[in-house]
Amino acid sequence: MFAVLSVLRQPRAVIAGGFRSMSSCASGGSRREVSREARCLPCEGIGSALTTEQVAELVSSKTPKWTVTEGSKRIYRTWVRRNFMDAMDFLNRIAQVAETEGHHPDLHLTNWNQVRVELWTHALGGLTENDFILAMKVDALAEPRNQ
Ligand SMILES: C[C@H](O)[C@H](O)[C@H]1CNC2=NC(N)=NC(=O)C2=N1
């Protein structure tokens, strides 16, 4: 019982670290679940990025509206929002989710209502499951909300 309680008292990063062998940041090892409900894991430290094939499979199955950049290093998606304030609201909602997940996108706002979100795992210089988890969460934020 003590062991369980001691784990529960650990901060998320420590618990997640305990599962690092399953995380996308571990070199090799099993890959992990990608879904809108999944949580991002801390990604600093030695790890391996997803391969081109793994990236292609995840884009196809999980984030079909996102585009892969040269060398499968990043994914991005663009939106044209209703107006400047709607674009800023969207960016701020993305920021909240990113901060909660501890995994942060590159955010671009151009021509007052065009939003581009770019995702990559800086610690590894490539893509991990974190990027796809966050992309799915961003897609959910972009859906029209019940007015
Ligand atoms: C210490 C902090 O958790 C790390 O630096 C996080 C912050 N957010 C991050 N976001 C992204 N996209 N990649 C990272 O490697 C990353 N690392």
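Both ligands and their constituent atoms are indexed starting at 1 by order of listing.
- At a threshold of 4.5 Å between non-hydrogen side-chain atoms, the residues Pro64 and Val59 do not count as touching.
- Looking at Arg74 and Asp106, a side-chain N of the basic residue comes within less than 4.0 Å of a carboxylate O on the acidic one, giving a salt bridge.
- Surrounding CZ of Arg116 are more than 12 heavy atoms belonging to other residues, nucleotides or ligands, all under 6.0 Å away.
- Put simply, the side chain of Glu101 never gets that close to the backbone of Ala98: no donor and acceptor are under 3.5 Å apart.
- In terms of heavy atoms, Glu33 sits closest to Ile133 at O-CD1, 3.8 Å.
- Taking the centre of each ring, Trp79 and Phe90 come in below the 6.0 Å mark.
- The contact shell of ligand 1, taken as protein residues with any non-hydrogen atom closer than 4.0 angstrom, comprises Glu44, Gly102, His103, His104, Trp120, Thr121, His122, Ala123.
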